[in-house]
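Structure record follows, encoded as structure tokens.
Reckoned from all heavy atoms, side chains included, excluding hydrogens, waters and symmetry mates. Residue numbers run from 1 in the order of the sequence given.
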Amino acid sequence: MVSKTWWRKYGKLPSIFEAFLHITLFFMVLEIGIHLPFSIFEVPFVVTAVLFLVLFLRGGWRKAKERFLLLIRRVAASKWLLIFLSAYILLDIIGIFYSPAKDLAVVKYIVVVPMAFFCVMLVFYCENRGKITRILWNIGVSGTFLAVFTLFNYFVWEILPVPYYRRLSMLVDYNRFATVVFIGFLVLLVLLLNSNLSLAKKYFAIFMVSLVNFPVLYLCGSRRTYLTLIPALIIIAGYQIISTAYKGKKSQVWKNAAALVLVALLVFSINAPFFRAFQNLSQSKYESYVEETGNEMTEGSIDTIIDSIGEGSMFAKRAAIWGLALDEAASYSPMEMVVGRGTSYEAYLYDVRSSEKLDQLYESYEPKAQYWMTPHNFLISDFLSGGILKLGASLGVWSCIALCLVQLLRYKASRSLFYGVGLCIVFINCMISGRYSYIYEKHFWIFVALMILEWGIVKQERMIGSQNSFTSSPEDMKGIA
């Protein structure tokens, strides 16, 4: 029984902590896809961290130790993933000491350390599946908010300067911008499909969400998004049809299939004239900008970008980048094969090595800035910087993630889609781009933490028949709820 004194002192703190955790997450995800003159998530992050420490340490060190053991139990089902991830980070830190680019190697920990701490706070907060779902709603809403803001900023009132006129993006790095909207859209889609709304309300909500997100994803000009959007939607739609049939609701199968087709047709038909109007407006804006400033921005139209996919030219630069990196890897000594040449050597490499083809492709980058290029593939980067040891730890991380996703697909298919969506997009991005490997990606930390928590709940449900929450004492539940 919680005393009146404790309640007067701490009673409202769990609710305040929850509010600030969600505010922090919302702004954190939003900041990934938008350039602002100042950080909007750092202040709520600090407030959340202080509240977490107060709640965690309440009742003295004995209670703190009990809560620590409770957190360990929540993630224990994924111990091998945590071991491989810890080994990877340890090898990365050791690599800083013999790195030729120590300044760059340290930079990534400005993100890694706060995100690791944020994950601890997520584990503390998400004691049951309901709270994990609230976090997922936050991610989905933040991505859709970014899409809405982008449309408003471009067509209604330019609150923030636009980096492009012939594509929709709030960042120069339009791929990073697209990732936030893409993940948010898919997470919202799965949440709505899994909701208990009536058929009409469910698909109306899906229609509205799609109507906002689809034009932004199409007009952002991210070719990797083009290549993965339709397959992702087909997989999610296929899951919905199969799961409905599996539940024995045969009459609902055709209704769901018809609703999905109707939503797709409506979204495409409404957006088709919008896309044509955007091309005319964007070209006019671009020409006005060039006329006023005399600065011809290097940006292709959406049609040109899509055509480059069919021509295969989108991989021409990757081939040159990867080729130089692989040639360098082939020159390693036996010892370097094992331990690499130090953290961030993969970026230092392009400052001291080059190729004729690479110079031709990036002629406009002259004079090149320091650390201007990386291998755009985390596996190559890991080998160059940390050798077989770091590459092995990295493969261990992703093997454990894949195994966990397969297990969730087997025992909790409806939930596996959330983490599969987020982590597959992170994986694809890091295989063809990325400057500091996946541990620099905030979505990686968030979805790994949620996946670990989900798997812990699933294992507990299977072992002891728990009702969607972790085993814990009543006091712990009252303190965290």
Side-chain angles (χ1 to χ4, degrees), residues 129-130 132-133 135-137 139-141 143-144 147 178-179 181-218 224-272 401-428 447 450-451 454-455 457-458 461-462 468:
R129 188 168 285 132
I132 295 175
T133 302
I135 296 294
L136 291 168
W137 276 107
I139 295 169
V141 170
T144 298
T179 295
V181 178
F182 192 21
I183 289 177
F185 172 48
L186 295 182
V187 167
L188 264 188
L189 192 59
V190 178
L191 283 166
L192 289 169
L193 287 171
N194 287 341
S195 70
N196 294 321
L197 294 171
S198 66
L199 192 73
K201 290 180 180 179
K202 178 184 296 186
Y203 283 99
F204 177 75
I206 290 173
F207 166 71
M208 294 302 295
V209 168
S210 302
L211 196 62
V212 170
N213 284 281
F214 184 74
V216 175
L217 291 171
Y218 180 79
R224 69 187 65 165
T225 301
Y226 296 154
L227 291 173
T228 53
L229 176 59
I230 300 302
L233 292 177
I234 291 173
I235 290 170
I236 291 172
Y239 157 76
Q240 177 67 7
I241 300 301
I242 293 170
S243 65
T244 304
Y246 182 76
K247 292 172 184 175
K249 302 176 181 179
K250 293 183 180 179
S251 62
Q252 293 294 316
V253 171
W254 293 108
K255 290 180 181 179
N256 276 274
L260 286 167
V261 172
L262 180 61
V263 167
L265 289 174
L266 284 173
V267 171
F268 279 112
S269 61
I270 292 173
N271 277 311
I401 289 173
L403 179 61
C404 190
L405 289 174
V406 170
Q407 290 172 321
L408 282 173
L409 183 62
R410 179 183 177 187
Y411 297 110
K412 205 72 178 176
S414 62
R415 306 289 294 184
S416 67
L417 287 176
F418 297 120
Y419 318 112
V421 160
L423 291 169
C424 281
I425 292 174
V426 170
F427 180 82
I428 291 169
F447 279 102
L450 296 179
M451 182 190 70
E454 187 77 51
W455 178 235
I457 292 174
V458 170
E461 287 174 342
R462 291 177 60 228
N468 87 341

(request) Look at the rings of Tyr226 and Tyr218 and say which category their plane angle falls in: under 30° parallel, 30 to 60° tilted, over 60° perpendicular. (result)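 Answer is tilted, since the angle falls between 30° and 60°.
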
(request) Mind telling me whether Phe207 and Phe204 have parallel, tilted or perpendicular rings, with 30° and 60° as the class edges? (result)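 If you compare the ring of Phe204 with that of Phe207, the planes turn out tilted.
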
(message) Counting only heavy atoms from other residues, nucleotides and ligands, does the tally under 6.0 Å from CH2 of Trp137 exceed 12?
(response)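 Yes - once you tally the heavy atoms of other residues, nucleotides and ligands closer than 6.0 Å, there are more than 12.
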
Do you know which two heavy atoms are closest between [X] and [Y], and how far apart they sit?
X: Ala237; Y: Leu260; result: CB-CD1, 3.9 Å
X: Phe447; Y: Phe418; result: CE2-O, 3.5 Å
X: Ala147; Y: Asn213; result: CB-OD1, 3.7 Å
X: Leu408; Y: Glu454; result: CD2-CG, 3.9 Å
X: Leu423; Y: Met451; result: CD1-SD, 3.8 Å
X: Leu189; Y: Ile206; result: CD1-CG2, 3.5 Å

(message) Out of the candidates Leu197, Leu262, Leu193, Leu192, only one should pair with Tyr203 under the side-chain contact (heavy atoms from CB on, under 4.5 Å) rule; please name it.
(response)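 Checked Leu197, Leu262, Leu193, Leu192 against Tyr203; only one passes side-chain contact (heavy atoms from CB on, under 4.5 Å): Leu193.
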
Roughly how far apart are [X] [atom1] and [Y] [atom2], rounded to 0.5 Å?
X: Leu417; Y: Ile236; atom1: CG; atom2: CD1; result: 6.5 Å
X: Ser416; Y: Leu409; atom1: OG; atom2: CG; result: 4.5 Å
X: Cys424; Y: Tyr419; atom1: SG; atom2: OH; result: 14.0 Å
X: Ile270; Y: Leu265; atom1: CD1; atom2: CG; result: 11.0 Å
X: Trp455; Y: Arg415; atom1: CH2; atom2: CZ; result: 14.0 Å
X: Leu186; Y: Ile183; atom1: CG; atom2: CD1; result: 8.0 Å

Taking side chain as C-beta onward, heavy atoms only, is [X] less than 4.5 Å from [Y]?
X: Arg129; Y: Glu461; value: yes
X: Leu450; Y: Ile139; value: yes
X: Thr225; Y: Val181; value: no

(request) For Ser243 and Gln240, indicate whether the former's side chain and the latter's backbone hold a donor-acceptor pair under 3.5 Å. (result)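 Side chain of Ser243 to backbone of Gln240, a donor-acceptor pair under 3.5 Å: yes, one is there.
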
(request) Walk me through it: do Leu188 and Leu136 pass the test side chain to side chain contact (heavy atoms under 4.5 Å, CB included)? (result) CA-CA 8 Å; Leu188 264 188; Leu136 291 168; over 6 Å; no

(request) Determine whether the side chains of Arg224 and Thr179 contain a donor N or O and an acceptor N or O closer than 3.5 Å. (result)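 No, Thr179 and Arg224 have no side-chain donor paired with an acceptor closer than 3.5 Å.
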
